[in-house]
There are 2 protein chains.
Amino acid sequence: MTQKRSELVQGTLDLLILKVVALEPLHGYGIAQRIQAVSKDVLLVQQGSLYPALHRLERKGFLKPEWRESGNGPMAKVYSVTPEGRKQLKEEVEHWQRYAGAVALVLEA
Amino acid sequence: MTQKRSELVQGTLDLLILKVVALEPLHGYGIAQRIQAVSKDVLLVQQGSLYPALHRLERKGFLKPEWRESGNGPMAKVYSVTPEGRKQLKEEVEHWQRYAGAVALVLEA
DNA sequence: CATACTAGATAGGCTCTCTAGGTATGACGC
DNA sequence: GCGTCATACCTAGAGAGCCTATCTAGTATG
C-alpha cells in the first residue's frame, strides 16, 4: 500500500474518517487503507494527517478508542463512533453535499 | 449584500474565482457577489479571503488586472484570466471532480 | 541480519481562510 | 453641508489543518 501525494481538501478528512468508522470500528492504519480502497486510490491519507485527526476527533468526543491485539504485529487502537460522533457525521455529510452542490452550480454556470 | 459565515473549504476558492472570471472579466468585489449569487447564497467569500487569493493568482500569472472606472464609486481593478490561468482552471476543475467523486464513493459505501 | 509490513506517534513548516480593522469615492436623504 | 450607505480596495494577525520527515517497535521473510 504505497503512500503517494494525496492533496486532501482541508476539512474533509474528519468526514471521511467518521464515515468509514461508523460502518465498522477500525484502527488508524486500517482507516487509511479503507479510505484509499473505497475511493479507488484517489484519497490517500498520510499518517501525519491521520493521527492528528484521530486525536482531534477523540478529544471532541466523536470517537472512542480501545486497545486490542491486531493479530499481525503491534497493538491496535480500535476506534468506534460515539452517539455525538454520529450526529456530527450527519451534519458533516449534509454540509459536504450542500457545499459540493454549490460548487457544481458555479462550475456549470 | 450581507456577509455571513461561509466556511469555504480550503483549496476551492482559487477554482471558484478562476471559473467566474473565465466567463467574464470582473473586479474583486463583483467576483464575490457573482459566486454568492450563482451558488444561491451557499458560498460566501469574505473580503479577507478574496483579496489575498486574487493577489496570489495574479502573482502566479493566472489573472491579469486592469484598472477601470467602476461607474458607481471608487476605481475598479478588473481581472481577466490569462492563458496559463485557463490551463490551471482546467486542471483544478478536473481535480475537484475527481476528488468530489471519490468522496461520494466513500459516503455511499 | 536485513528488509518489509504493520501500527502507533510527534515536530515543524506551510498554505489558506477568517476576524477585524482601515482607506476612499459617490449617491441619497435631510 | 453632513451623515449614512453601498461600492471598492487592502492588510495584519491568528488559527486550523495537511504534509514532510522522522521516530519507535513488533512480526514475518529471505
Side-chain angles (χ1 to χ4, degrees), chain A residues 1-18 25-37 43-60 62-63 65-79 92 95 99, chain B residues 1-18 25-37 43-60 62-63 65-79 92 95-96 99 103:
Chain A
M1 194 78 55
T2 319
Q3 295 283 356
K4 292 174 207 163
R5 189 146 313 175
S6 66
E7 293 167 38
L8 276 184
V9 172
Q10 290 206 209
T12 55
L13 182 54
D14 291 9
L15 166 65
L16 296 169
I17 291 174
L18 284 173
L26 285 167
H27 58 276
Y29 197 81
I31 291 170
Q33 290 179 320
R34 182 67 54 89
I35 291 175
Q36 181 168 351
L43 306 173
L44 309 179
V45 182
Q46 311 298 326
Q47 297 196 345
S49 313
L50 174 68
Y51 290 108
L54 289 173
H55 300 158
R56 194 161 65 227
L57 292 169
E58 184 184 339
R59 195 176 60 244
K60 290 180 181 170
F62 299 149
L63 289 183
E66 185 188 353
W67 285 98
R68 286 192 208 156
E69 298 278 351
S70 75
N72 46 350
M75 294 287 284
K77 199 170 172 183
V78 175
Y79 289 94
E92 292 206 16
H95 178 260
Y99 192 90
Chain B
M1 192 75 56
T2 320
Q3 294 283 355
K4 294 175 205 161
R5 189 146 311 173
S6 67
E7 295 170 33
L8 275 183
V9 172
Q10 291 206 205
T12 55
L13 181 54
D14 291 10
L15 167 66
L16 296 169
I17 291 175
L18 285 173
L26 286 167
H27 58 275
Y29 197 81
I31 291 170
Q33 289 180 321
R34 182 66 55 89
I35 290 175
Q36 181 169 350
L43 306 173
L44 308 178
V45 183
Q46 311 299 326
Q47 297 196 347
S49 313
L50 174 68
Y51 289 108
L54 289 173
H55 300 157
R56 194 162 63 228
L57 292 169
E58 184 184 339
R59 196 175 60 244
K60 289 180 181 170
F62 299 149
L63 289 183
E66 183 187 355
W67 285 98
R68 287 192 207 156
E69 299 277 352
S70 75
N72 46 351
M75 294 287 285
K77 198 170 173 183
V78 176
Y79 290 95
E92 291 205 18
H95 178 259
W96 169 260
Y99 192 90
V103 172

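Every chain is numbered from 1 and lettered A, B, ... according to where its sequence line falls, protein lines coming before strand lines.
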Atom of B/L26, atom of B/R34 and distance for their closest heavy-atom approach | CD2-NH2, 3.8 Å
Find the distance B/Q10:CD to D/dA14:C1' and express it as a whole number of Å.
-> 13 Å
Return the value, rounded to whole Å, for the distance between atom OH of A/Y51 and atom P of C/dT10.
-> 11 Å
B/L26 CG - D/dA8 C1' separation (whole Å) | 13 Å
Sugar-phosphate only, base, or nothing, as touched by B/S70 at under 4.0 Å among non-hydrogen atoms | sugar-phosphate
NE2-CD distance between B/H27 and B/Q33, expressed to the nearest 0.5 angstrom = 6.5 Å
Under 4.0 Å between a side-chain N/O of A/N72 and OP1 or OP2 of D/dG26, yes or no?
-> no
Whole angstrom is fine here: how far is it from CZ in A/R68 over to P in C/dG8?
-> 12 Å
Quickly work out the A/E58 CD to C/dT10 P distance and round it to whole Å.
-> 11 Å
State which of D/dT11, C/dT15, D/dC9 makes the closest approach to the side chain of B/P52.
-> D/dT11
For the pair made of CG in A/L57 and C1' in D/dA16, what is the distance, rounded to whole Å?
-> 14 Å
Interatomic distance, B/K77 NZ vs D/dT7 C1' [rounded to whole Å] = 17 Å
Looking at side-chain heavy atoms only, is the closest gap between B/I17 and B/L50 below 4.5 Å?
-> yes
Given D/dC9, C/dA24, C/dG8, the nucleotide with the shortest approach to the side chain of B/P74 | C/dA24
Does the D/dC9 base have a donor-acceptor partner in the side chain of B/Q47 within less than 3.5 Å?
-> yes
Could you pick out which residue, A/G73 or A/G48, lies toward the 5' side of DNA chain C when each is mapped onto its nearest nucleotide?
-> A/G73
Does B/R56 put a side-chain nitrogen or oxygen below 4.0 Å from OP1 or OP2 of C/dC14?
-> no
Would one find a side-chain N or O of A/H55 under 4.0 angstrom from OP1 or OP2 of C/dT10?
-> yes
Nearest of C/dT6, D/dG15, D/dT7 to any side-chain atom of A/Y29?
-> C/dT6
Would you mind classifying the nucleic acid contact of B/G30 as base, sugar-phosphate or nothing, using non-hydrogen atoms under 4.0 angstrom?
-> nothing
Grab the CD1-P distance between B/I31 and D/dA8 for me, whole Å please.
-> 12 Å
A/T12 and B/Y99: side-chain donor and acceptor closer than 3.5 Å?
-> yes
Classify the angle between the aromatic ring planes of A/H55 and A/Y51 as parallel (below 30°), tilted (30 to 60°) or perpendicular (above 60°).
-> tilted
Phosphate-side-chain proximity, A/H27 and C/dT6, N/O vs OP1/OP2 below 4.0 Å = no
